[in-house]
Amino acid sequence: MGGAGLAQVVHSLTDSQFGACFDDVDWMDLAKPVVALGGDWPAALALAAMPSIWRPSIDDAVHHLRVQSEQDLAELPALGFWSAVCGLIGRSWRLGILDEFTATVRLDRMWWHIRDHEPRDRAEELIWEGMACFELDHFVDMDVTDRALALLAEADRFIADDAVDIAFCETVLEAFL
């Protein structure tokens with residue numbers, strides 16, 4: 001596992017524009033499955049080994065992790081933050097961590113972060129669609145199973161097949177979603 005696919009996900013999650021989405025302690029926790037997947041970037045190793053929360057050290061390490069992971073993207077394009085997070089919801093569903101209803105609940109939570117603008121890319125469209133599925137199911141009692149399954153399968157394709165595992169997805173879900 002790991003390689004360019006892991007680098008792609010890590011690079012997107014470390015985008016400083018979205019740094020407020022994760023607490024400092026989250027980065028220490030997120031680094032552990034990254035290292036377990038073979039992400040042996042010095043910054044990931046440093047974050048995973050940090051004994052306490054000290055913001056300047058964590059901020060520096062996250063910045064270095066972004067730079068270091070970018071070097072391992074190989075032929076993969078950089079992935080946008082919302083594409084990675086949406087993809088991780090899809091992957092969590094595919095791995096059996098989330099069922100389709102719970103996954104749409106998570107997409108609805110993501111929607112609250114982007115609701116102030118029209119979707120800018122396919123990932124944001126899927127987040128809006130996930131919000132719609134949740135609300136139709138929850139408030140109108142409409143069966144949206146097929147719709148939810150289709151959008152989760154598409155979201156899963158944002159992430160390379162061998163990029164992440166259950167532990168990584170669970171850690172991101174706990175930290176952010």
Side-chain angles (χ1 to χ4, degrees), residues 1-50 53-95 97-98 103 106-114 119-127 130 152 154-177:
M1 286 206 184
L6 177 62
Q8 187 183 44
V9 173
V10 169
H11 183 261
S12 68
L13 294 179
T14 55
D15 186 338
S16 62
Q17 180 181 352
F18 301 99
C21 293
F22 295 104
D23 293 331
D24 289 343
V25 71
D26 293 335
W27 285 112
M28 296 164 60
D29 292 339
L30 283 167
K32 291 175 176 107
V34 167
V35 171
L37 285 167
D40 59 356
W41 302 289
L45 296 168
L47 282 165
M50 282 187 180
I53 303 169
W54 190 52
R55 187 168 178 85
S57 294
I58 292 174
D59 289 345
D60 289 346
V62 170
H63 169 74
H64 291 301
L65 182 56
R66 181 166 176 81
V67 171
Q68 293 163 7
S69 62
E70 184 176 34
Q71 296 169 1
D72 288 341
L73 287 176
E75 299 297 318
L76 291 177
L79 191 62
F81 179 82
W82 295 115
S83 295
V85 177
C86 183
L88 289 168
I89 295 290
R91 183 59 47 87
S92 296
W93 162 75
R94 187 176 70 143
L95 293 173
I97 301 167
L98 301 173
R106 298 297 182 117
L107 290 168
D108 180 66
R109 288 183 193 167
M110 290 171 54
W111 175 81
W112 286 95
H113 293 277
I114 64 167
R120 297 178 181 141
D121 59 22
R122 186 61 184 145
E124 290 187 8
E125 289 173 358
L126 291 176
I127 293 167
L152 291 168
E154 184 176 348
D156 177 54
R157 290 191 293 272
F158 286 130
I159 307 293
D161 281 338
D162 64 348
V164 298
D165 64 2
I166 289 174
F168 185 90
C169 290
E170 287 177 335
T171 304
V172 172
L173 288 172
E174 187 173 316
F176 177 64
L177 306 167

Would you call [X] and [Y] a side-chain contact if the rule is heavy atoms closer than 4.5 Å?
X: T171; Y: K32; result: no
X: S92; Y: E170; result: no
X: M110; Y: I114; result: no
X: V34; Y: L47; result: no
X: L6; Y: D162; result: no

How many angstroms lie between atom [atom1] of [X] and atom [atom2] of [Y], to the nearest 0.5 angstrom?
X: I97; Y: D165; atom1: CD1; atom2: CG; answer: 8.5 Å
X: W93; Y: L95; atom1: CH2; atom2: CG; answer: 10.5 Å
X: L173; Y: R106; atom1: CG; atom2: CZ; answer: 5.0 Å
X: R157; Y: L152; atom1: CZ; atom2: CG; answer: 11.0 Å
X: W111; Y: C86; atom1: CH2; atom2: SG; answer: 15.5 Å
X: F81; Y: T14; atom1: CZ; atom2: OG1; answer: 10.0 Å

Can you give each donor-acceptor pair under 3.5 Å made by side-chain atoms of residues 64-76, sequence neighbours left out, with the distance rounded to 0.1 Å?
residue, atom, partner, partner atom, Å
R66, NH1, H11, O, 2.3
Q68, OE1, A43, N, 2.9
S69, OG, L65, O, 2.8
S69, OG, R66, O, 3.1
D72, OD2, W41, NE1, 2.6

Q) How far apart are the C-alpha atoms of F158 and I89, what are their side-chain angles, what is the distance that settles it, and do they pass the side chain to side chain contact (heavy atoms under 4.5 Å, CB included) test? A) CA-CA 10 Å; F158 286 130; I89 295 290; over 6 Å; no
What's the shortest heavy-atom distance between [X] and [Y], and which atoms?
X: A48; Y: A31; result: N-CB, 3.5 Å
X: M50; Y: A61; result: CE-CB, 4.1 Å
X: I159; Y: R91; result: O-NH2, 2.6 Å
X: S12; Y: A84; result: OG-CB, 2.8 Å

**Q.** side chain to side chain contact (heavy atoms under 4.5 Å, CB included) between V172 and D26, worked out
**A.** CA-CA 8 Å; V172 172; D26 293 335; over 6 Å; no
Q | Of V9, L88, D121, I127, the residue whose pairing with S83 passes side-chain contact (heavy atoms from CB on, under 4.5 Å) | A | D121
Q. Sequence neighbours excluded, which residues qualify as ring-ring contact (aromatic ring centres under 6.0 Å, His included) partners of W82?
A. F18, H113
Q: Not counting sequence neighbours, which residues clear salt bridge (charged side-chain N to carboxylate O under 4.0 Å, His left out) with R122? List them please.
A: E125, E154
